[in-house]
Amino acid sequence: MYRLFAALPVPEDLWEGLTALQDGLPGASWRPEENFHITLRFFGDLTHRQARDLDDLLGDIHCPPFDLSIEGTGWFGRREPSAVWARVRESDELRSLSARCEQAARRLGFEPDRRPFTPHVTLAYLHNATLEDTRRWVETHHAYRSGPFTADRFHLYSSHAAKGRPSRYEAEADYVLE
């Protein structure tokens with residue numbers, strides 16, 4: 001079985017700005033910079049055959065490169081915060097690419113993703129972080145802005161769990177936007 005998701009990589013020249021945000025929130029398990037990405041669609045656990053079929057479908061996606069930027073911060077979990085993130089500015093191109101990844105999942109018979117698409121870069125998963133501390137952290141970093149960058153490819157990543165350490169993500173396939 002392969003635990004897979006489609007995502008845009010975050011360019012290395014943005015890592016330093018994002019890691020500078022990773023401080024001052026009790027209960028945060030900060031993500032390593034090599035794990036920074038913008039999830040387009042999480043697929044979950046797939047067999048080898050499903051992974052191969054998914055690779056074929058994702059390889060058929062045609063989309064021109066487009067510009068993105070990171071603007072602000074937020075959190076998931078209304079009453080019990082579970083993660084903090086940097087917000088990726090919405091665009092029609094980004095939404096369209098995510099929708100095409102969703103279509104590939106449905107063609108393979110996967111259930112529709114019930115969560116709305118919220119483009120973001122996860123900075124930390126939270127463990128017993130208070131709503132007040134999380135709100136304060138988000139307010140402190142709400143003005144964060146990155147320079148623009150061009151999304152010219154996306155990857156099919158595998159996720160490998162590691163006891164006591166952050167999961168490791170590995171790009172299994174690369175899809176050039178053209």
Side-chain angles (χ1 to χ4, degrees), residues 1-15 18 29-71 74-77 82-126 146 148-178:
M1 296 293 273
Y2 301 92
R3 190 166 186 78
L4 300 175
F5 61 94
L8 295 164
V10 173
E12 287 185 29
D13 60 341
L14 298 184
W15 290 3
L18 292 170
S29 175
W30 301 110
R31 311 321 301 158
E33 57 195 14
E34 61 271 12
N35 280 6
F36 292 161
H37 64 272
I38 303 161
T39 301
L40 298 167
R41 174 53 152 97
F42 179 74
F43 301 107
D45 294 325
L46 281 70
T47 65
H48 180 73
R49 180 183 178 96
Q50 288 173 313
R52 193 174 61 240
D53 292 345
L54 177 61
D55 176 50
D56 289 342
L57 291 171
L58 295 177
D60 289 339
I61 293 175
H62 297 287
C63 173
F66 55 93
D67 289 335
L68 291 172
S69 62
I70 299 173
E71 302 179 353
W75 80 87
F76 290 126
S82 59
V84 291
W85 39 265
R87 176 179 287 110
V88 176
R89 185 174 184 188
E90 296 258 358
S91 73
D92 291 340
E93 296 89 351
L94 177 59
R95 197 160 277 294
S96 175
L97 182 57
S98 174
R100 291 175 189 187
C101 292
E102 176 67 28
Q103 289 171 346
R106 289 187 188 191
R107 286 187 62 193
L108 288 176
F110 293 15
E111 291 292 317
D113 193 344
R114 288 180 175 44
R115 295 171 293 186
F117 178 60
T118 305
H120 68 280
V121 177
T122 301
L123 298 175
Y125 292 114
L126 305 179
S146 76
F149 62 98
T150 300
D152 62 359
R153 68 189 62 246
F154 71 101
H155 300 300
L156 181 61
Y157 286 96
S158 60
S159 176
H160 306 275
K163 283 207 178 245
R165 292 187 320 227
S167 295
R168 180 178 52 83
Y169 303 142
E170 185 174 342
E172 300 290 345
D174 184 43
Y175 310 100
V176 176
L177 300 179
E178 51 186 3

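Index from 1, following the sequence.
Nearest heavy atom pair, residue A6 against residue L156, reads N-CD1, 4.4 Å. Across F117 and P119, no two heavy atoms sit closer than the pair O-CD, 3.7 Å.
A donor-acceptor pair under 3.5 Å links the side-chain atoms of N35 to the main chain of S167, judged by distance alone. Between the S29 side chain and the L126 main chain, no donor and acceptor come within less than 3.5 Å of each other. Using modelled atom types, one side-chain atom of W75 and one backbone atom of G77 make a donor-acceptor pair closer than 3.5 Å. Judged purely by atom type and a 3.5 angstrom limit, S158 has no side-chain atom pairing as donor or acceptor with the backbone of L4.
Using a 4.5 Å heavy-atom cutoff, the side chains of E93 and P64 are not in contact. When side chains are defined from C-beta on, D13 does not count as touching F149, because their heavy atoms never get closer than 4.5 Å. You'll find the side chain of R106 reaches within 4.5 Å of the side chain of P112, heavy atoms only. Within the 4.5 Å cutoff, no side-chain heavy atoms of L68 are placed close to those of P148. Counting heavy atoms from C-beta on, the side chains of V84 and Y125 never come closer than 4.5 Å. Using a 4.5 Å heavy-atom cutoff, the side chains of W85 and T118 are in contact.
Between the OG1 atom of T150 and the CG atom of L177 there is a distance of 10.5 Å, given to the nearest 0.5 Å. One finds the CD atom of E34 at 10.5 Å from the CZ atom of R168 (value rounded to the nearest 0.5 Å). Rounding to the nearest 0.5 angstrom, the gap separating the CG atom in L8 from the CG atom in L94 is 6.5 Å. How far CG of L46 is from CG of D55: 11.5 Å, rounded to the nearest 0.5 Å. The distance from atom CD of Q103 to atom CG of L57, rounded to the nearest 0.5 Å, is 10.5 Å. Of the inter-residue distances, the one linking F42 atom CZ with E102 atom CD reads 13.0 Å to the nearest 0.5 angstrom.
Ring centers of Y175 and H155: at least 6.0 Å apart, outside the cut-off. The ring of F5 has its center closer than 6.0 angstrom to the ring center of Y157.
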Are L97 and F66 close enough, and set up right, to give a side chain to side chain contact (heavy atoms under 4.5 Å, CB included), and what steps lead you there?
CA-CA 10 Å; L97 182 57; F66 55 93; 4.1 Å; yes
Given the rule in the side chain to side chain contact (heavy atoms under 4.5 Å, CB included) test, do V176 and F154 qualify, once you have shown the distances and angles that lead to the verdict?
CA-CA 7 Å; V176 176; F154 71 101; over 6 Å; no
Does the side chain to side chain contact (heavy atoms under 4.5 Å, CB included) test come out yes or no for R31 and L123, once each step is laid out?
CA-CA 5 Å; R31 311 321 301 158; L123 298 175; 5.7 Å; no
Output, in order, the C-alpha distance, side-chain angles, deciding distance and verdict of side chain to side chain contact (heavy atoms under 4.5 Å, CB included) for L18 and F36.
CA-CA 9 Å; L18 292 170; F36 292 161; 3.6 Å; yes
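Classified by interplanar angle (parallel below 30°, tilted 30° to 60°, perpendicular above 60°), the ring pair F76/H120 is perpendicular. A tilted orientation is assigned to the rings of H48 and Y2, their planes being inclined by 30° to 60°.
Few gaps surround CG on D60; more than 12 heavy atoms of other groups in view lie less than 6.0 Å from it. Counted within 6.0 Å of CZ on R89, heavy atoms from surrounding residues, nucleotides or ligands total 12 or fewer; the atom is thus considered open. The neighbour count for R107 CZ, taken as heavy atoms of other residues, nucleotides or ligands under 6.0 Å away, does not exceed 12.
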